[in-house]
Amino acid sequence: MNSQAASEYYFYTDDGVKLHYIDIGKGTPIVMIPAWSQSVNEFIYQIQDMSDRYRMISLDMRGHGKSEKVDYGYRIPRLAKDLQELLLLLKLDHVVLVGHAMGASIMWCYWDLFGGSLLTKMVSIDMPSILLLNPKWSGKNIMNYGPLTNAAGAIEIMNIIDSPKGEHYRQVILNCMISQDISPNKRQAIIQSRRKLPLSQAAQLFFSNFHLEWSDIFPRVTLPCLVVSGRASLTAWSSQQWIAEQLPQSKLVFFEEDEGGKHFMFLENPDKFNRILDEFIQS
């Protein structure tokens, strides 16, 4: 992001954490929230390619990217509060809020805690309503909710992340989330972002994200929403369709496997993603 060096800023949260964010361009503000262990760099193609017509903003959550590596506050509600503080600091309104995976959890939590008075539209990228399996659910429930593991599995994964094997395990997870033919530069950008969140904090945040559930929020959202997912993603496509059906005003877009349709479709196929996002904002 050399061309954006002058557009990088920092602020302090009310609990004393120095957070890094990108702010470039003019017009309707698009605030993009990265996924677990990721940084603002994952949205490089949106920030660069859309800043000629929008105000592009992205926040490194605490511990992520260039933000301060503190040892507290790695819970989704605290990250939603951090996001609210940034929106208030920048005196933003009519915000298009975009959340990728855990970033979508932060977005839904923000809506739940603070409402939509500063927002105009929301975009959820490849995040189910809950990641944790309830053993009493029927097959239809599982398809709708899109869980990835059970409670014991989540604990096991958390402990692996917070261990000497943690970095290797993050790499294993990543390999399941990207296409085999992704360019080396794009793969390396994702890997470098992930290494900046310390493993202990990554484990804490993983645990928090897996133990929250958002389905009661969707019917109460009063803003237009865009739901984006990949057919070949680990996230069940049926869960994304179900979320779109629960939202009163929604549009659903899938990226097919040959379109980079896995977890990072906006990075693998930015031309299509940026076009879809542009059309959604203008609609």
Do Arg55 and Ile24 have side chains that get closer than 4.5 Å, going by heavy atoms? no
Hey, is NE2 on His168 packed in by over 12 heavy atoms from elsewhere, all under 6.0 Å? no
For Thr222, does its backbone N or O pair with a side-chain atom of Gln249 as donor and acceptor, under 3.5 Å? yes
Can a salt bridge be assigned to the pair Glu257 and Arg231 using a cut-off of 4.0 Å between side-chain N and carboxylate O? no
Output, in order, the C-alpha distance, side-chain angles, deciding distance and verdict of salt bridge (charged side-chain N to carboxylate O under 4.0 Å, His left out) for Asp112 and Arg220. CA-CA 9 Å; Asp112 196 32; Arg220 299 185 288 113; 3.4 Å; yes
Would you give the length of the straight line joining atom CD of Glu156 to atom OG1 of Thr149, rounded to the nearest 0.5 angstrom? 8.0 Å
Is the NZ atom of Lys69 crowded by more than 12 outside heavy atoms at less than 6.0 Å? yes
Quick check with a 6.0 Å cut-off and a 45 degree axis cone: is Lys272 positioned over the face of Phe255's six-membered ring? yes
If you define the side chain from C-beta out and look only at heavy atoms, does anything of His20 sit under 4.5 Å from Glu8? yes
Are Tyr45 and Phe266 an aromatic pair by the rule of ring centers under 6.0 Å? no
Pairwise ring pair (Phe, Tyr, Trp, His ring centres under 6.0 Å) hits with a residue in residues 118-167, at least two apart: Trp137-Tyr145, Tyr145-Trp242
Look at Asp15 together with Arg78 and state whether they make a salt bridge at an N to O cut-off of under 4.0 Å. yes
Taking the side chain as everything from C-beta on, heavy atoms only, tell me whether Ile190 gets closer than 4.5 Å to Leu174. yes
Side-chain heavy atoms of Ile33 within contact of Val98, under 4.5 Å: no
Within the 3.5 Å criterion, strictly below it, is a donor on Ser215 or Glu213 matched to an acceptor on the partner's side chain? yes
Verify same cluster id: Val17, Tyr10 (apolar side-chain graph, 4.5 Å): no
Return the set of residues passing ring pair (Phe, Tyr, Trp, His ring centres under 6.0 Å) with Tyr169 (not counting sequence neighbours), or none when no residue passes. none
Would a hydrophobic clustering, with Ile, Leu, Val, Met, Phe, Trp and Tyr connected at side-chain separations under 4.5 Å, put Val172 with Met177? no
Just checking, Lys121 and Phe280: is the charged tip under 6.0 Å from the six-membered ring centre and within 45° of the axis? yes
Ser179 backbone acceptor or donor facing Glu268 side chain under 3.5 Å: yes
Does a side-chain heavy-atom distance below 4.5 Å link Ile155 with Phe207? yes
Minimum heavy-atom separation for Pro128 to Leu131, with atom names? CG-CD2, 3.5 Å
Stepwise, does the side chain to side chain contact (heavy atoms under 4.5 Å, CB included) test hold for Met61 with Ile106? CA-CA 10 Å; Met61 292 297 168; Ile106 297 168; 3.9 Å; yes
Exercise: identify the closest heavy-atom pair between Leu252 and Gln241: CD2-CA, 3.7 Å
Please step through side chain to side chain contact (heavy atoms under 4.5 Å, CB included) for the pair Leu113 and Lys81, ending with a clear verdict. CA-CA 8 Å; Leu113 294 175; Lys81 179 66 165 59; 5.9 Å; no
Distance check, rounded to the nearest 0.5 Å: Met122 atom CE versus Leu223 atom CG? 5.5 Å
Taking all atoms of both residues into account, what is the closest heavy-atom pair of Met127 and Ser105, and its distance? CE-OG, 3.1 Å
Other residues, nucleotides, ligands: >12 heavy atoms within 6.0 Å of Glu279 CD: yes
Indicate yes or no: at least one non-hydrogen side-chain atom of Val40 is less than 4.5 angstrom from one of Tyr21. no
Quick one: closest heavy-atom pair of Gly166 and Leu199, and the distance? C-CD2, 3.8 Å
Return yes if some donor-acceptor pair links the side-chain N/O of Ser239 with the main-chain N/O of Met143 below 3.5 Å, else return no. no
Side chains of Asp23 and Ser7, donor plus acceptor under 3.5 Å: no
Connected via hydrophobic side-chain network under 4.5 Å: Leu87 and Tyr9: yes
Between Ser183 and Lys186, is there a donor-acceptor pair closer than 3.5 Å when you use the side chain of the first and the backbone of the second? yes
Which word best sums up how the rings of His100 and His263 line up, parallel for under 30°, tilted for 30 to 60°, or perpendicular for over 60°? tilted
Check step by step if side chain to side chain donor-acceptor pair (under 3.5 Å) holds for Gln46 and Asn274. CA-CA 6 Å; Gln46 287 69 54; Asn274 294 356; 2.8 Å; yes
Which atom pair, heavy atoms only, marks the closest approach of Arg170 to Glu167? NH2-OE1, 2.9 Å
Got Trp111 and Val221 here, is their nearest side-chain heavy-atom distance under 4.5 Å? yes
Short side-chain to backbone donor-acceptor contact, Asp60 and Lys66, under 3.5 Å: yes
